[in-house]
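Notes for the one structure printed next.
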Amino acid sequence: MSRLDGKRILVGVTGGIAAYKSAELVRLLGKQGAEVRVVMTAAAGEFITPMTLQALSGYPVRQSLFDQAHEAAMGHIELARWADLILIAPASADFMARLAQGMADDLLTTLCLARTVPLAIAPAMNQAMWANPATQANLATLQSRGIDCWGPDAGSQACGEVGPGRMLEPEAQTELVIARLSAGPLQGVKVLLTAGPTREPIDPVRYVGNRSSGKMGFSLARALREAGADVSLVSGPVSLATPAGVKRTDVETALQMRQAVLEQVVECDIFVACAAVADYRPREVAGQKIKKQQEQLEIRLERNPDILAEVAALESPPFTVGFAAETDKPIEYAQQKRKNKRVNMVAANLVGAEQGGFERDENALTVVWEGGQQALPMSDKGELAKRLVELIVEQYEQNN
Ligand code: CTP
């Protein structure tokens, strides 16, 4: 059986040189069993002919909102609802801007506005156009509305420049379509996740912080999303892009993180505490910048609430997963932590000079639960996150 049998994909083609690759995309989607309809913008017609896309999809290509014959056969609202997924490939900078503005000034933007189905874009443009803050702001807007952004790839461009902006290859897009449309094991499951460090202010310019990069938490958010979950991420200050389809709330301090978690936790089925929450915060925060007058300066710290323990102690808690950083005996200490905080699973990583952990792209984990444990060997954090999600799925299903 082909992996997209019975699926309906609407491919939107906008104006850019990468449009020639849309032909291959349409062919590959069709080869996987999907029924494909193509809508082109006027600018796309400068790069590829409707005839090519019609021949490959087997259906007439639609280009205008005001085509009476087409509208009579299937109205544009109907077409927007017909699809299981709309994929805009390539998505030009102009199209992203119009989409972010919610415009309906041609057939494709109108379809996107009227849709109720998932929408993904595969941007393609000159690297400077991609890096431009205007495009990045549009991207952030689109992602915050749950639109998936696939790519772009980095490399040499048709214009002769080098950098990010190349459309993701049709093969990779086809795989993403398959992943997006196959029901993952966490379909319909709501996951709340914390990630990154917290910053505890000392005065208006200084803070107590830690070296967490947020990479593990963000990789987990992506892996959970790919497993079909509805993911809400509460993140401390990090410089990482939000994974596609993930809802993100930014916070700075442990108290803000606690607040954001408590506001969202009632709705969630699984809570994953991946953040490196500061255990202590300065007791007093100076209103002005502290001057260097004394030889020694004492800052008194007070305990922060333990967010994970608080969630686990709720009357009807979600399935809880915590992390632990240990310098030795990871299994023993992790089991202790699991019991003390009454959480379902703890993933422990060994930290120290020789080990993985903070600020690295790789890590290894020892995961423990009641009556069981599993070591996940050193690997890329993206890969490790996928393995950990498999264990979470197993244990979550046994607990439900
Ligand atoms: N955690 C939390 N809120 C805090 C502190 C920690 O939610 N205020 C969560 C972290 O996100 C992580 C786990 O609790 O999932 C870590 O537990 P913790 O006991 O802080 O682990 P360590 O930092 O390893 O503790 P210790 O220094 O006591 O070994």
Side-chain angles (χ1 to χ4, degrees), residues 191-201 207-221 223-224 231-238 249-265 268 270-283 301-314 317-352 355-359 363-369 376 381 384-385 388-389 391-392 395-396:
V191 181
L192 179 63
L193 183 112
T194 64
T198 64
R199 285 182 184 170
E200 310 299 324
Y207 59 82
V208 179
N210 63 64
R211 288 163 52 187
S212 164
S213 63
K215 280 182 190 157
M216 191 64 219
F218 276 59
S219 299
L220 259 179
L224 287 160
V231 184
S232 188
L233 173 65
V234 177
S235 176
V238 294
T249 309
D250 284 317
V251 296
E252 196 135 355
T253 66
L255 292 180
Q256 290 168 356
M257 186 170 275
R258 172 180 175 271
Q259 180 70 26
V261 165
L262 293 182
E263 275 166 17
Q264 299 182 45
V265 77
C268 86
I270 300 177
F271 175 64
V272 185
C274 197
V277 186
D279 290 323
Y280 294 91
R281 66 176 181 277
R283 207 153 134 180
L301 302 173
E302 65 183 328
R303 272 290 278 275
N304 268 327
D306 189 316
I307 304 168
L308 175 59
E310 207 169 326
V311 168
L314 289 172
F319 182 86
T320 45
V321 184
F323 276 74
E326 308 294 351
T327 49
D328 59 332
K329 300 191 203 150
I331 298 176
E332 206 176 309
Y333 287 135
Q335 282 291 19
Q336 249 171 44
K337 233 164 242 177
R338 191 185 62 75
K339 282 187 207 136
N340 291 345
K341 295 199 192 187
R342 298 207 266 148
V343 301
N344 298 93
M345 282 177 97
V346 168
N349 56 332
L350 269 180
V351 289
Q355 335 286 353
F358 291 153
E359 292 179 324
N363 203 3
L365 293 172
T366 303
V367 190
V368 301
W369 57 89
L376 303 180
K381 284 182 177 170
L384 195 64
L388 180 56
V389 168
L391 290 180
I392 293 175
Q395 292 304 311
Y396 172 69

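These numbers come from a predicted model, not from an experiment. First listed ligand is number 1; within each ligand, the first listed atom is number 1.
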Could you tell me the residue and atom name of the protein heavy atom closest to atom 1 (N) of ligand 1, and the distance to it rounded to 0.1 Å?
D306 OD1, 3.8 Å
Is there a polar contact between ligand 1 and P305, counting only N or O atoms under 3.5 Å apart?
yes
What is the nearest protein non-hydrogen atom to atom 24 (O) of ligand 1, stated with its residue, atom name and distance?
K337 NZ, 2.6 Å
Which residue and non-hydrogen atom of the protein lie closest to atom 12 (C) of ligand 1, and at what distance in Å?
F323 O, 3.2 Å
At what distance is the nearest protein heavy atom to atom 14 (O) of ligand 1, and which residue and atom is it?
K341 NZ, 2.8 Å
Distance, nearest 0.5 Å, that separates NZ of K381 from CG of L388:
13.0 Å
Only one of L301, V208, L255 forms a side-chain contact (heavy atoms from CB on, under 4.5 Å) with R281, so which one is it?
L255
Taking only heavy atoms of G322 into account, list the atoms of ligand 1 that are under 4.0 Å away from them.
15 (O)
Between OG1 on residue T194 and CZ on residue F271, distance to nearest 0.5 Å
5.0 Å
What is the minimum heavy-atom distance between N210 and T198, and which atoms define it?
ND2-N, 4.1 Å
In this structure, atom 7 (O) of ligand 1 is nearest to the protein heavy atom L308 N, 2.9 Å
Can you find an N or O of A276 that's nearer than 3.5 Å to an N or O of ligand 1?
no
Under the side-chain hydrogen bond (donor to acceptor under 3.5 Å, both in side chains) test, which residues partner E263, sequence neighbours left out?
Q259
For atom 3 (N) of ligand 1, what's the nearest protein heavy-atom neighbour? Residue, atom name and distance, please.
I307 N, 3.0 Å
With a 4.5 Å heavy-atom cut-off, do Y280 and R303 have their side chains touching?
yes
Between the CG atom in N304 and the OG1 atom in T253, the distance rounded to the nearest 0.5 Å is 7.5 Å
Note: ligand 1 atoms sitting under 4.0 Å from heavy atoms of A275 are 10 (C), 11 (O)
Atom of P318, atom of C268 and distance for their closest heavy-atom approach
CB-O, 3.6 Å
Sub-4.0 Å heavy-atom contact, A325 with ligand 1:
yes
Which atoms from ligand 1 have a heavy atom of D279 less than 4.0 Å away?
5 (C), 20 (O)
